Amino acid sequence: MSLKTPDGLPAELNGGAGGYLGIDLGALRDNYIALSERAAPAKTSAVVKANAYGLGASEVTRTLYEAGCRDFFVAIAREAFDLHPLLADDVHIYILNGLLPGSETLCAEHGFIPVLNSPQQIENWANAARDTGKFLPAVLQFDTGMSRLGLSPDEAHALAESPDVLKYFDLRYLMSHLACADEPDNPANDAQLSVLGEMTALFPDVPVCFANSGGIFMGGDYRQALVRPGIALYGGAPNAERPSPMKPVISLHVAVIQTRTVPAGTQIGYGGTATAETEMRLATLSAGYADGLPRALSNRGSVWFNGIRLPITGRVSMDSIIVDISALPEGALGIGDYVEVIGPHQSLDELAADAGTIAYEILTGLGRRYQRQYSGGVS
Ligand SMILES: *Cc1c(COP(=O)(O)O)cnc(C)c1O
């Protein structure tokens, strides 16, 4: 007997996975094009840090390159080294966290573009330029109100007053990052925009890179020369208060591994945090918090089957989840069937909300145990 799979593939082909993670590269491409059109005349880059938010940096960057993207942001140098051999020579790879001391020369040789976030990073990159005898490409980041990375206003003024060190650089962009871009009405956004204006005026004629996904939806002043979307490319909502206007990119289906009927009074799952109030039918699913389904979904979240909501009952375990299937006709769901965790009935953002987190954390935590199925990609 051959097991069922969501798309009729014989189960032997899934490598024994407990679930299928579908990644629609056509939707990814459409999202990139929609964002580019919205951002124009600004150029649109792609943030592909953390393995492209967990979806596969190689597949994602290849798809976006075909759609016209030439600017890719990663967080750390290791990600740049991984990406570099996969991409053509006409792309720019930017490193958001800048460089740790000691990695400058190798990064310079590869043509990576660090975001310089502090006087120390500026100094170290200038030293690498002196050592290699080349102008080195760089982005200069300002902290306009997030207190995370970038030159403070005082440091920016000091640099503008003695800009000698900048002569070693081919300065591509001035950059900053919004702290509250998912809340378009938050006054912190305008405050950051106005600090950005003051700081960039100190370095005239350098293009500015400011908006993340949320910023692209906040009006022309925010878009500047280059935008840096991440989550919206991957289908997540750029605005925390509204449903996502982007096409969904991922779907997730998880296999049923056991069903049972329990009498009233039976404890369910670790710690016995749920108890059957009446006779209940339960199904155990083959994915848990080690697969990125947070323990916070315990007794809160749900999955779907044939348009019917199946509540998560008891605690989420490392490798399994128990759901209440009493709402389904008896025998409707059995071993080897797949339930929807993310799909037409439950969006990525809805699942994240049930877990008390954000789509970003769900995506980047999805883990390696699913069978990944890419569709709609370039061949
Ligand atoms: C992660 C990140 C982005 C992308 O943000 P989204 O909200 O996912 O669009 C852009 N810029 C910086 C500096 C980031 O760290």
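Being a predicted model, the structure only gives us computed values, none of them experimental. Counting starts at 1 for both ligands and their atoms, following the listed order. Counting begins at 1 with the first residue of the sequence.
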K.L.:
Would you mind reporting whether Asp324 and Leu310 have side-chain heavy atoms less than 4.5 Å apart?
P.N.:
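No, side chains not in contact.
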K.L.:
If you count the atoms of ligand 1 from 1 in the order shown, which ones are under 4.0 Å from a heavy atom of Lys49?
P.N.:
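Here the atoms of ligand 1 in question are 1 (C), 2 (C), 3 (C), 14 (C), 15 (O).
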K.L.:
By salt bridge (Lys or Arg N to Asp or Glu O under 4.0 Å), which residues pair with Arg368, not counting sequence neighbours?
P.N.:
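Counting only residues at least two positions away or on another chain, Arg368 forms no salt bridge (Lys or Arg N to Asp or Glu O under 4.0 Å).
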K.L.:
Within 45 degrees of the ring normal and closer than 6.0 Å to the centroid, is that where the cationic atom of Arg70 sits relative to Tyr65?
P.N.:
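Satisfied, under 6.0 Å and within 45°.
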K.L.:
Do Glu340 and His345 have side-chain atoms, one donor and one acceptor, less than 3.5 Å apart?
P.N.:
yes
K.L.:
When only distance counts, is Ile231 in polar contact with ligand 1, meaning an N/O pair under 3.5 Å?
P.N.:
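In this structure, Ile231 places an N or O atom under 3.5 Å from an N or O of ligand 1.
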K.L.:
Could you check if a side-chain atom of Leu116 sits within less than 4.5 angstrom of a side-chain atom of Gln141, using non-hydrogen atoms only?
P.N.:
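With C-beta onward as the side chain, the pair stays apart.
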K.L.:
Decide whether a cation-pi geometry holds between Arg372 and Tyr20; the criteria are a distance under 6.0 Å from NZ or CZ to the six-membered ring centre and an angle within 45° of the ring axis.
P.N.:
no
K.L.:
So which heavy atom in the protein is nearest atom 7 (O) of ligand 1, and how far is it from that ligand atom?
P.N.:
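I find the closest protein heavy atom is Tyr360 OH, 2.6 Å.
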K.L.:
What atoms in ligand 1 come closer than 4.0 Å to a heavy atom of Arg148?
P.N.:
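Here the atoms of ligand 1 in question are 13 (C), 15 (O).
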K.L.:
Starting from atom 4 (C) of ligand 1, find the nearest protein heavy-atom neighbour and note its residue, name and distance.
P.N.:
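Result: Tyr53 OH, 3.3 Å.
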K.L.:
Identify, for atom 9 (O) of ligand 1, the protein heavy atom at the shortest distance, and state residue, atom and that distance.
P.N.:
Ser213 OG, 2.5 Å
K.L.:
Nearest to atom 11 (N) of ligand 1, what protein heavy atom do you find, and at what distance?
P.N.:
Arg228 NE, 2.9 Å
K.L.:
Less than 4.5 Å apart, any side-chain heavy atom of Val60 and any of Thr63?
P.N.:
no
K.L.:
Provide the number and element of each atom of ligand 1 under 4.0 Å from a heavy atom of Pro229.
P.N.:
9 (O)
K.L.:
Would Arg172 and Asp170 count as a salt bridge (charged side-chain N to carboxylate O under 4.0 Å, His left out) here? Give the steps.
P.N.:
CA-CA 6 Å; Arg172 302 288 174 87; Asp170 166 11; 2.9 Å; yes
K.L.:
Which ligand 1 atoms are under 4.0 Å away from a heavy-atom of Met175?
P.N.:
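The atoms of ligand 1 under 4.0 Å from a heavy atom of Met175 are 13 (C).
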K.L.:
For atom 5 (O) of ligand 1, what's the nearest protein heavy atom and its distance?
P.N.:
Asn212 CB, 3.5 Å
K.L.:
For the 3.5 Å polar cut-off, considering only N or O atoms, please tell me whether Gly230 and ligand 1 meet it.
P.N.:
yes
